[in-house]
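In the text below, chain A, chain B and the rest are named by the order of the sequence lines, each starting its count at 1. The shown structure was predicted, so the numbers you read here are calculated from the model rather than taken from an experiment.
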2 protein chains.
Amino acid sequence: MAIKKKSHRLLQKEATRKILLQSAYSLFVEKGYEKTTMRALAENAGVGLGTIFKHFSDKPSILAAAFEEDLNAVLQNAFRTLPSLGITSQLIHISNHLYSFYAKNPIFSRALIKEVLFLEGDHGKVLHQQLQIFLETITNLIGNAVQNGELSPDTQTSDGATAYWSFYFTGLLLGLMEPSFNVSTQLALVERLIDKHFFEKGDSFRGC
Amino acid sequence: MAIKKKSHRLLQKEATRKILLQSAYSLFVEKGYEKTTMRALAENAGVGLGTIFKHFSDKPSILAAAFEEDLNAVLQNAFRTLPSLGITSQLIHISNHLYSFYAKNPIFSRALIKEVLFLEGDHGKVLHQQLQIFLETITNLIGNAVQNGELSPDTQTSDGATAYWSFYFTGLLLGLMEPSFNVSTQLALVERLIDKHFFEKGDSFRGC
DNA sequence: CATCTTGGGTGAACATGTTCACAGTATGGG
DNA sequence: CCCATACTGTGAACATGTTCACCCAAGATG
């Protein structure tokens, strides 16, 4: 029952933080990141300007916090519906879910990635860790594929995860550089790269 | 000599722009990007605050312009000393030159990449084009390797260039996420990924 | 040469992220 | 129950990127 042992103060603080995050989320989606001012956020949330900075160190941290939940939900959903077989379809499945999320609002996604890239402070640490966890998960997927015999036993699973992430992230960046993010185009690119990296091998003849 | 047919006004404008870029360069290197204020830049360059914005649309554009020259020099130097044989050593050679440049000042490099990522306006277009040119150059290198017989004839040269760039950029990002950029570590990663992608035959079980 | 037009140069004014000293209240100890 | 402490809440003040109306000399026009 230790969980419920929260003082009135802590409850109030959490409530304020929650209101701030909800207001920030809707304002960011409605107006975009840059056009959302801290004063507008304060007014919309019904708190004072200075209050915001008692909860978040700076504006990028609010962005990260407001969409951490969303991104986690997308990731969770992606892994919950993961195909049970085929490393390529698994990786494409994950890419598809993430791309679809980012494609919903390219302008906003650009701001999100830009601000979060080298985010410092606590939130930076958290995101860095989440990337590590994601990479480990991919590493495990690749490890399973190796055990299934789908991939060669001498595959470096960790490097494979890095390779996938580099394909995924490059596809994301290139897609976001266009005015509108074309999910299927970028997915096709990622699939070709994955296929080439893990399967197609140039010099040897195809035995079959 | 139509080139020298510049009016006094144009000459003066170019001179001012040059002074601004030089001042910006030294201030950025000395103080860092964010700590360099437009007012400090104006004072250091000996011009008025408003003058800056007659030459550059915003602060990120100054950053991009001030280091475009540097980056071009690094790239030119890299390609001038390019090994004549071996696609892997060529790509590593290029990566090495670029990483060494970024490693000189990681804090600054983080700002550079962050601000330039989705840069809009004229400078954004220019950088986008330069990336395209770079990718085409890499595509040609890979095409040569295919003609040499080093790579299989059915290699998709364009996708190969994209794959290399994704490895390169990922190595750059991961390196810049650490407090200090370790060039050899990141080079080793990129080399492993390149090797795996273009050469190592993975599929021992050839399940066809 | 006189006048007009253009465009670089300028700093005050503005918009906005961030800091800070202060206020009020919940918490904890006596 | 009462006081001391600490912590959230607050808006004024500050720092800085950007805009804008204005100035003025170089070039154009006659």
Side-chain angles (χ1 to χ4, degrees), chain A residues 2 4-21 23-24 27-28 31-66 111-112 114-116 118-124, chain B residues 4-21 23-24 27-28 31-66 111-112 114-116 119-124:
Chain A
K4 290 220 81 179
K5 269 209 110 179
K6 295 189 173 173
S7 64
H8 181 198
R9 250 197 185 158
L10 273 185
L11 286 174
Q12 192 57 41
K13 180 169 183 178
E14 275 185 25
T16 304
R17 181 190 164 93
K18 193 170 181 180
I19 288 177
L20 277 173
L21 282 180
S23 290
L27 284 177
F28 285 160
K31 301 278 187 183
Y33 175 71
E34 346 238 286
K35 303 297 272 303
T36 299
T37 69
M38 301 301 259
R39 286 165 181 79
L41 171 58
E43 189 175 4
N44 188 291
V47 302
L49 177 60
T51 304
I52 300 176
F53 294 91
K54 281 285 198 285
H55 292 266
F56 303 96
S57 57
D58 51 18
K59 202 182 174 190
S61 292
I62 304 178
L63 183 67
L112 181 61
K114 174 182 170 178
E115 297 302 327
V116 153
F118 296 119
L119 190 57
E120 298 186 2
D122 293 342
H123 270 286
Chain B
K4 289 221 86 179
K5 264 207 118 187
K6 295 191 171 171
S7 65
H8 180 199
R9 258 204 177 152
L10 273 185
L11 285 175
Q12 193 57 42
K13 179 169 183 179
E14 274 184 26
T16 304
R17 181 190 163 93
K18 194 170 181 180
I19 288 177
L20 276 173
L21 281 180
S23 289
L27 284 177
F28 285 159
K31 301 278 188 185
Y33 175 70
E34 346 246 295
K35 304 297 272 304
T36 299
T37 70
M38 302 300 260
R39 286 164 182 81
L41 171 57
E43 189 175 4
N44 189 291
V47 302
L49 177 60
T51 304
I52 300 177
F53 294 92
K54 281 285 199 278
H55 293 266
F56 303 96
S57 57
D58 51 18
K59 201 183 174 190
S61 291
I62 304 178
L63 182 67
L112 182 61
K114 173 182 170 176
E115 297 302 327
V116 153
L119 190 57
E120 298 186 3
D122 293 341
H123 271 286

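- Put simply, CG on A:Leu10 is 14 Å from C1' on C:dG28, counting in whole angstrom units.
- Between the P atom of D:dT16 and the CD atom of B:Glu43 lies a distance of 13 Å, rounded to the nearest Å.
- Put simply, NZ on A:Lys59 and CG on A:Leu41 are 9.0 Å apart, with the number rounded to the nearest 0.5 Å.
- Between D:dT8 and A:Thr16, no contact under 4.0 Å exists linking OP1 or OP2 to a side-chain N or O.
- Between the CG atom in B:Leu63 and the CG atom in B:Leu112 there is a gap of 5.0 Å [rounded to 0.5 Å].
- When rounded to the nearest whole Å, the span between CD1 of A:Ile52 and P of D:dT10 equals 10 Å.
- Ranked by how close their nearest DNA chain D nucleotide is to the 5' end, B:Thr37 and A:Gly46 are led by A:Gly46.
- Regarding B:Lys54, its NZ atom lies at a distance of 8 Å from the C1' atom of D:dC20, rounded to whole Å.
- Rounded to whole Å, the distance from CZ on A:Phe56 to P on C:dT19 is 15 Å.
- Of all the heavy atoms in A:Asn44 and A:Ser23, the pair that sits closest is OD1-OG, 3.0 Å.
- Atom-to-atom, NZ of A:Lys35 to P of C:dT16 comes out at 9 Å; the value is rounded to the nearest Å.
- When each of C:dG9, C:dG11, C:dT16 is scored by its nearest atom to the side-chain atoms of B:His55, the top-ranked nucleotide is C:dG9.
- Counting non-hydrogen atoms under 4.0 angstrom, B:Lys59 reaches the backbone sugars and phosphates but no base.
- At a threshold of 4.0 angstrom between heavy atoms, the contacts of A:Lys13 are confined to the sugar-phosphate backbone, with no base atom among them.
- Atoms CE (A:Met38) and C1' (D:dA12) sit 17 Å apart, rounded to a whole Å.
- Summarising the geometry, the separation between CG on A:Asp58 and P on D:dT16 is reported as 16 Å, rounded to the nearest angstrom.
- The CD1 atom of B:Ile52 sits 9.5 Å away from atom CZ of B:Arg39, with the distance rounded to the nearest 0.5 Å.
- Taking 4.0 angstrom as the limit, A:Thr51 places a side-chain polar atom (N or O) nearer than this to OP1 or OP2 of D:dT10.
- Summarising the geometry, atom NZ belonging to B:Lys54 is positioned 15.0 Å from atom CZ belonging to B:Arg17; distances are rounded to the nearest 0.5 Å.
- Checked against C:dG17, C:dG11, D:dG17, the side chain of A:Arg39 finds its nearest nucleotide in C:dG17.
- Listed candidates were C:dT18, D:dA21, D:dT18. Nearest to the side chain of B:Phe53 is D:dT18.
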